[in-house]
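Notes follow the structure.
Since the model is a prediction, treat every value here as computed from it, not as a measurement.
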Amino acid sequence: MLPLDEIRSLLREHDDPDHRERPRDFDPRAAVRRFDLLTGALSRRFGPSVRAGLHQDSSACGRCSVPEDGTGPTGGLWVELSNFGGFVTAGTGAHRTADSATGLSGELVTWLDGVCTAAGCVFVPLDVLLEPYDGPTPTLVDEDRILVEALVALGHEDGDDENDEGDDMRAVWADRYFDYV
């Protein structure tokens with residue numbers, strides 16, 4: 001796997017606020033070829049339970065998933081390919097959380113990194129993608145935060161309760177490269 005500082009540099013390098021959904025030089029055929037290579041490798045490893053689908057209106061190209069059915073890791077497995085930089089990330093469970101990253105074994109990460117390299121992709125650990133986003137491109141999280149702030153300024157309650165930690169209103173790098181735009 002690339003050093004984490006190099007991965008962070010690549011994330012910054014590919015960030016272009018004028019192209020939120022896909023880069024200026026996006027090649028849809030190359031993206032689908034990469035996605036097919038990832039899906040094929042996952043299917044060979046985990047069998048016919050692998051499900052895959054391409055995204056629209058998203059900075060992510062597509063997502064593969066492996067259910068927890070004895071072939072995949074506990075909590076299931078998901079693997080996503082971004083439209084940007086051939087970035088790939090993975091986790092377990094339903095959503096991108098810190099727990100999703102801890103569910104991956106070192107052996108699986110090493111295997112997936114090799115698959116990514118062979119497909120012309122860059123594996124980005126979920127831990128890096130969950131770091132606060134400080135790039136120039138507005139995300140849906142930013143738009144939601146602006147709406148909430150405007151409603152509060154108009155005298156509406158902000159909806160905070162004791163279960164809300166406030167983290168939902170802070171964009172992370174995954175929001176930039178693996179989310180709807």
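A donor-acceptor pair under 3.5 Å links the side-chain atoms of Ser82 to the main chain of Ser59, judged by distance alone. Side chain of Arg45 to backbone of Ala41: no donor-acceptor contact under 3.5 angstrom is found. A donor-acceptor pair is defined here as one N or O able to donate and one able to accept, closer than 3.5 Å; no such pair exists between the side chain of Asn83 and the backbone of Pro23. For Ser58 (side chain) and Asp179 (main-chain N/O), a donor-acceptor pair under 3.5 Å exists by modelled atom type.
Counting all heavy atoms, side chain and backbone alike, Leu2 lies closest to Glu6 at CD2-OE2, 3.6 Å. Annotation for Gln56 and Tyr180: closest pair O-CE2, 3.4 Å, computed over non-hydrogen atoms. Across all their heavy atoms, Trp78 and Arg63 have their closest contact at CG-NH2, 3.0 Å. The heavy-atom pair separating His55 from Ala60 by the smallest distance is CB-O, 3.3 Å. In plain terms, the two heavy atoms of Asp57 and Glu21 that are nearest each other are N-OE2, 3.4 Å. Nearest heavy-atom pair across Cys121 and Arg34 is SG-CD, 3.6 Å.
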- Start with the C-alpha gap between Leu38 and Cys116, add the side-chain angles, then the distance that decides, and say whether side-chain contact (heavy atoms from CB on, under 4.5 Å) holds. CA-CA 7 Å; Leu38 290 170; Cys116 290; 4.2 Å; yes
- What's the verdict on ring pair (Phe, Tyr, Trp, His ring centres under 6.0 Å) for His14 and Phe87, showing C-alpha distance, side-chain angles and the deciding distance? CA-CA 10 Å; His14 288 278; Phe87 300 138; 5.4 Å; yes
- Message: Please determine whether side-chain contact (heavy atoms from CB on, under 4.5 Å) holds for the pair Thr39 and Val79, giving the CA-CA distance in whole Å, both sets of side-chain angles, and the decisive distance to 0.1 Å.
- Response: CA-CA 9 Å; Thr39 303; Val79 177; over 6 Å; no
- List the steps and the verdict of salt bridge (charged side-chain N to carboxylate O under 4.0 Å, His left out) for Arg8 and Asp5. CA-CA 5 Å; Arg8 288 181 185 101; Asp5 287 342; 3.3 Å; yes
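Side chains of Leu77 and Val50 form no contact here, defined as non-hydrogen atoms less than 4.5 Å apart. Residues Val122 and Met1 have side chains not in contact (no heavy-atom distance under 4.5 Å, counting atoms from C-beta outward). A heavy-atom distance below 4.5 Å is found between the side chains of Ser49 and Val66. Within the 4.5 Å cutoff, the side chain of Val88 has no heavy atoms near those of the Val124 side chain. With a 4.5 Å cut-off on side-chain heavy atoms, Trp173 and Thr89 do not count as touching. A 4.5 Å side-chain heavy-atom check between Leu129 and Val172 finds every atom pair outside the cut-off.
The structure places OG1 of Thr110 at 9.5 Å from CZ of Phe123, a figure rounded to the nearest 0.5 Å. Atom CZ of residue Arg51 and atom SG of residue Cys64 lie 11.5 Å apart, to the nearest 0.5 angstrom. Separating the OG1 atom in Thr137 from the CZ atom in Phe84 is a distance of 7.5 Å, to the nearest 0.5 Å. Atom CG in Asp175 sits 9.5 Å away from atom OH in Tyr133 (nearest 0.5 Å). Here CZ of Arg176 is found 10.0 Å from CG of Leu11. Values are rounded to the nearest 0.5 Å. Leu81 contributes atom CG, which lies 10.0 Å from atom CG of Leu37 (distance to the nearest 0.5 angstrom).
A single hydrophobic cluster is not seen to contain both Phe26 and Leu10; linkage of ILVMFWY side chains at heavy-atom distances under 4.5 Å, directly or through other members, places them apart.
Salt bridge Arg12/Asp15: absent, no basic N to carboxylate O contact under 4.0 Å.
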